[in-house]
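Shown next, in C-alpha cells, is the structure this report addresses.
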2 protein chains.
Amino acid sequence: MKREPKPTLKTLALETGLAVTTVSRALKGAPEIAKGTRDRVQRAAKAIGYVPDRAAQRLRTGRTNVISFLLEPHDEMLSFGTMMIAGIMESLENTSFHLVVTPQFEKSDPLGTVDNIIRNRLADGVIFCRTTPLDIRVRMLLEADYPFICHGRTELATPHPFVDFDNFEFALDAATRLARQGCKKLALLNARQPFTFSQHLMHGFMTAVRESGVSHVLPENVSIDSAPEAVRDTAMTCIREQGVDGFVCAGESSAMAVIAAVSDCGLRVNEDIGMVAKQTTPLFGQIRPQIDTIYEDLTAAGRQLGTLLLRRIEGAPVSELQRLEHGEHRYRD
Amino acid sequence: MKREPKPTLKTLALETGLAVTTVSRALKGAPEIAKGTRDRVQRAAKAIGYVPDRAAQRLRTGRTNVISFLLEPHDEMLSFGTMMIAGIMESLENTSFHLVVTPQFEKSDPLGTVDNIIRNRLADGVIFCRTTPLDIRVRMLLEADYPFICHGRTELATPHPFVDFDNFEFALDAATRLARQGCKKLALLNARQPFTFSQHLMHGFMTAVRESGVSHVLPENVSIDSAPEAVRDTAMTCIREQGVDGFVCAGESSAMAVIAAVSDCGLRVNEDIGMVAKQTTPLFGQIRPQIDTIYEDLTAAGRQLGTLLLRRIEGAPVSELQRLEHGEHRYRD
DNA sequence: TTGCAAATCTGAAACGTTACAAATATGGTA
DNA sequence: TACCATATTTGTAACGTTTCAGATTTGCAA
C-alpha cells in the first residue's frame with residue numbers, strides 16, 4: 001500500500017515556521033493566537049489538506065468521535081436498521097463523528113456489549129432500540145453516567161433521553177377506526193412482550209376496545225417478530241375459529257401475513273376483514289388491496305436520536321432530550 | 001461521567017513486576033518470552049479485564065481495526081443495507097474489527113468519500129455496493145493499493161476482489177420460465193443503467209428472449225430505484241398499450257408495484273400476467289398472490305464480503321477473493 | 001531608559017502502544 | 001573458574017495530538 005506521508009501538525013509547523021503547539025491552537029481558533037497567524041496557519045492547512053489524526057486525538061483527549069449504534073442484525077423489520085441508520089447518518093453529517101454499528105445479538109448478553117463500550121470508552125455516545133421497561137442497558141449507562149439515547153421509553157425512575165413513537169395513540173386510533181367501520185371482534189398483532197412499546201400498543205388497543213364496546217382477542221403465541229408463516233396461521237385461526245373481523249397490525253411484515261391469511265381464507269381485505277397496520281416503508285403503499293396505515297417515520301426518528309445524542313454529549317439537560325413522535329394517518333379515503 | 005482508571009499495560013507491568021515491553025509481548029504470545037511469564041501475564045490480564053486501547057494501537061501501528069462500509073442511505077431496497085450489515089457483522093465477530101458505516105450520498109462525489117478514507121487511513125479495508133463498470137472508487141482504491149471488496153463486478157482490466165450475484169442467470173432463468181409458461185411479450189424491470197449488474201440482467205433477459213422467440217419491451221424511464229408509483233404506472237402502460245403479459249422484476253419493490261399495476265388493471269397475476277421477481281427478504285414469500293421468485297441471499301453476500309476482505313487485508317491474492325453467487329429458485333410448484 | 005502587563009508564542013510532557021537496540025540472566029563448555 | 005552463546009527481559013523512542021507552565025515579544029506608562 002503506497003503511503004506518501006500524511007501531513008501532520010509538524011508538517012504545518014515546519015511549513016509556517018511556528019511551533020507545533022501554536023499550529024494546533026491556531027487551527028482551533030484559540031483567541032490568544034494573533035489573528036494573522038491563525039489565518040496563515042489555516043490557509044496552509046487547507047492548502048496541504050491537513051486533517052487531524054483521529055487516533056492521536058482520541059488517545060490524547062479520550063474523545064472518540066464515535067457514536068455507537070447497537071443493532072440487532074436479525075430484526076424482524078429488515079428496513080428498520082437501514083432507515084434508522086440513514087437518519088443517524090444525516091444527523092452526523094458535517095460533524096466529526098463516525099457511526100459504528102455494533103452487533104447486539106439478542107441472546108448474547110446486551111450487558112457484555114454495553115459494558116465493553118463503557119469500560120473501553122469505545123464511543124462518545126450510544127444509541128439503541130427495542131427498549132424494555134427495566135432495560136438493563138439503560139441502567140448500566142445511567143449508572144456510568146455515559147451519554148446515550150434510546151428509541152423507546154422505560155419505566156425507570158431516573159429520566160433519560162429518548163425518542164419514541166406514540167404507539168398508544170397508534171393502537172387507539174387503529175382499533176377505533178376498525179370499530180367505526182363496523183368490526184365486531186378485533187385482534188391485535190402486538191410486538192413481543194419484553195419491549196415497552198408492546199405495552200403501549202396493548203394499552204391503546206384495549207382503551208379503544210373498551211370505549212367502543214367491541215370484543216377482542218390477543219393472540220399470544222405470535223408477535224410481529226414471529227415468522228410470517230406463523231403469523232398467517234394464527235390469523236387464519238382467529239378468522240375461522242374466533243370470528244375475528246378486524247386486525248391491528250403493529251408491523252408491516254405481520255400485515256402482509258394477515259393479508260395472506262385473509263386471502264387464503266377466501267375472504268377479502270377491507271370488505272370482509274378490516275385492517276389497520278403500522279407502515280414504515282414507502283413500499284408498503286403499493287400493497288394490494290390497499291389498506292389503511294399509520295406511518296412511522298423511522299428515518300426522522302434516527303435523525304432525532306442522533307441530534308439529541310449530540311446535544312447530550314455537549315451536556316444538554318435530559319429534560320430537553322425527550323421526544324414523542326406521532327403517526328401520520330394514511331387512510332384510503 | 002465516572003471514570004475509574006482503565007487498566008493499561010503499565011497497570012499490568014506494576015502488578016506483575018515486569019516491564020511494559022515484556023507485558024506487551026507476553027500478551028501477544030511472543031516466543032521469546034518465557035512460557036511461565038506469558039501465562040502469568042495473560043492470567044493477570046484476564047483477571048483485571050485488560051483490553052488494549054484501540055487509539056493507542058492505531059496511533060502506533062497505523063492499523064485501524066476498522067472496516068468501512070459505504071452505504072447509500074436512501075437506497076431503493078431498504079432491507080438491503082440491514083441484510084448486508086448483518087452479514088458483514090457476522091464475519092467480523094470474534095475479530096477485533098469494528099464496522100463503520102460511512103454515508104455515500106450518490107450525488108455527493110464518491111470520490112471525496114473514498115479519498116478521505118485513503119488519505120486519512122480511516123479504515124483497514126472498504127466494502128461497497130452498486131458497482132459500475134468503470135467504477136471510480138475501484139480505480140482509486142486499486143491505484144492506492146488499498147484493501148477493498150465490492151458487491152458487483154467492473155470491466156476494469158486489473159482484477160480485484162468482489163462478490164457478485166449471477167444476475168445474468170437470474171434474468172435468463174426468469175424470462176425463460178415466463179416464455180415456457182406461454183407469455184408472448186416480456187418486460188424487464190431493470191436496475192438503473194449505471195450499475196454493472198443492470199447490464200448482466202439485460203444480457204440474461206435478451207438471451208432468453210432470443211432463444212425462446214418471444215417479443216419484449218425494455219421500459220426506459222423507470223428502474224427498480226424509481227418510486228413505486230412510477231413503476232406501477234409504467235407497468236400499467238406496458239400491459240394496456242403494449243400487450244406485455246410477463247414481467248421480470250429485478251427488485252421486490254418493483255415487483256410489488258407490478259402486482260399493484262396488474263390488480264389496478266383488473267387482471268390477475270399468474271393467470272393473466274406472468275411474473276418472476278428477485279426476492280431478497282423472507283417477507284416477500286407472504287405476498288398474495290404468491291409469485292415465482294429467485295432468492296438472493298444478501299446476508300450471505302455480506303458475510304462473504306467481510307470474510308474475503310479480511311483475507312485481503314492479510315495479504316491473500318486477489319484470485320482467491322472473487323465469488324459469484326447463484327440464485328435459489330422459489331417457484332410456486 | 002526602565003519596568004511591567006498584556007499579547008503571543010514555545011517546550012516538554014503525556015495519552016497507551018509497539019519496535020528496536022541493548023542489557024541482563026542462564027546454562028553449558030573449556 | 002572463566003567465558004560465551006542463548007534465553008529472557010528491559011529502556012527508550014516514536015506515533016500525532018493537546019495541555020500546562022513558561023518564555024519571549026510588544027506596547028506603553030512612568
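Note on naming: letters A, B, ... go to the chains in the order of the sequence lines (proteins, then strands), and numbering restarts at 1 for each one.
Rounded to whole Å, the distance from CZ on B:R54 to P on C:dG16 is 16 Å. In this structure, the CD1 atom of B:I48 is 13 Å from the C1' atom of C:dG16, given to the nearest Å. B:I33 has its CD1 atom 5 Å from the P atom of D:dT9, to the nearest Å. Regarding A:L9, its CG atom lies at a distance of 15 Å from the P atom of C:dG11, rounded to whole Å. If you take CD of A:E32 and P of C:dT10, they are 13 Å apart, rounded to a whole angstrom. One can place CG of A:L59 at 12 Å from P of D:dG16, the figure rounded to the nearest angstrom. Rounded to a whole Å, the CD atom of A:Q57 is 17 Å from the P atom of C:dG16. The nearest whole Å value for the distance from the CG atom in A:L18 to the C1' atom in D:dT25 is 14 Å.
Contacts of B:K35 with the nucleic acid, taken as non-hydrogen atoms under 4.0 Å apart, are absent. Among the atoms of the strands shown, base atoms are found under 4.0 Å from some heavy atom of B:T22. Within the nucleic acid shown, A:S24 comes within 4.0 Å of at least one base atom, counting heavy atoms only.
Using a 4.0 Å cut-off, some side-chain N or O of B:T37 falls inside it from OP1 or OP2 of D:dT9. Side-chain N/O atoms of A:K6 include none lying less than 4.0 angstrom from OP1 or OP2 on D:dC15.
A:V66 is not listed as a side-chain neighbour of A:F97, based on a closest heavy-atom distance of 4.5 Å or more. Side-chain contact between B:I48 and B:E15 is present, with at least one heavy-atom pair separated by less than 4.5 Å. For the pair A:H98 and B:V101, the minimum side-chain heavy-atom distance is 4.5 Å or more.
When the options A:L99, A:I88, A:V163, A:L308 are evaluated for a side chain to side chain contact (heavy atoms under 4.5 Å, CB included) with A:I127, the one that passes is A:I88. Screening A:L142, A:V138, A:V318 for a side chain to side chain contact (heavy atoms under 4.5 Å, CB included) involving A:T158 leaves a single residue, A:L142. Evaluated for a side chain to side chain contact (heavy atoms under 4.5 Å, CB included) with B:R130, the options B:D135, B:T196, B:D225 yield exactly one hit, B:D225.
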Kindly give the atom pairs (protein nitrogen or oxygen, nucleotide nitrogen or oxygen) under 3.5 Å for nucleotides 21-23 of chain C.
none

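Side-chain rings of A:H160 and A:F148 approach one another, their centers coming within less than 6.0 Å.
Comparing A:Y50 and B:V20 by the nucleotide of DNA chain D whose heavy atom lies nearest to each, the residue mapping closer to the 5' end is B:V20. Sequence order on DNA chain D of the closest nucleotides to B:A19 and B:R60 puts B:A19 first from the 5' end.
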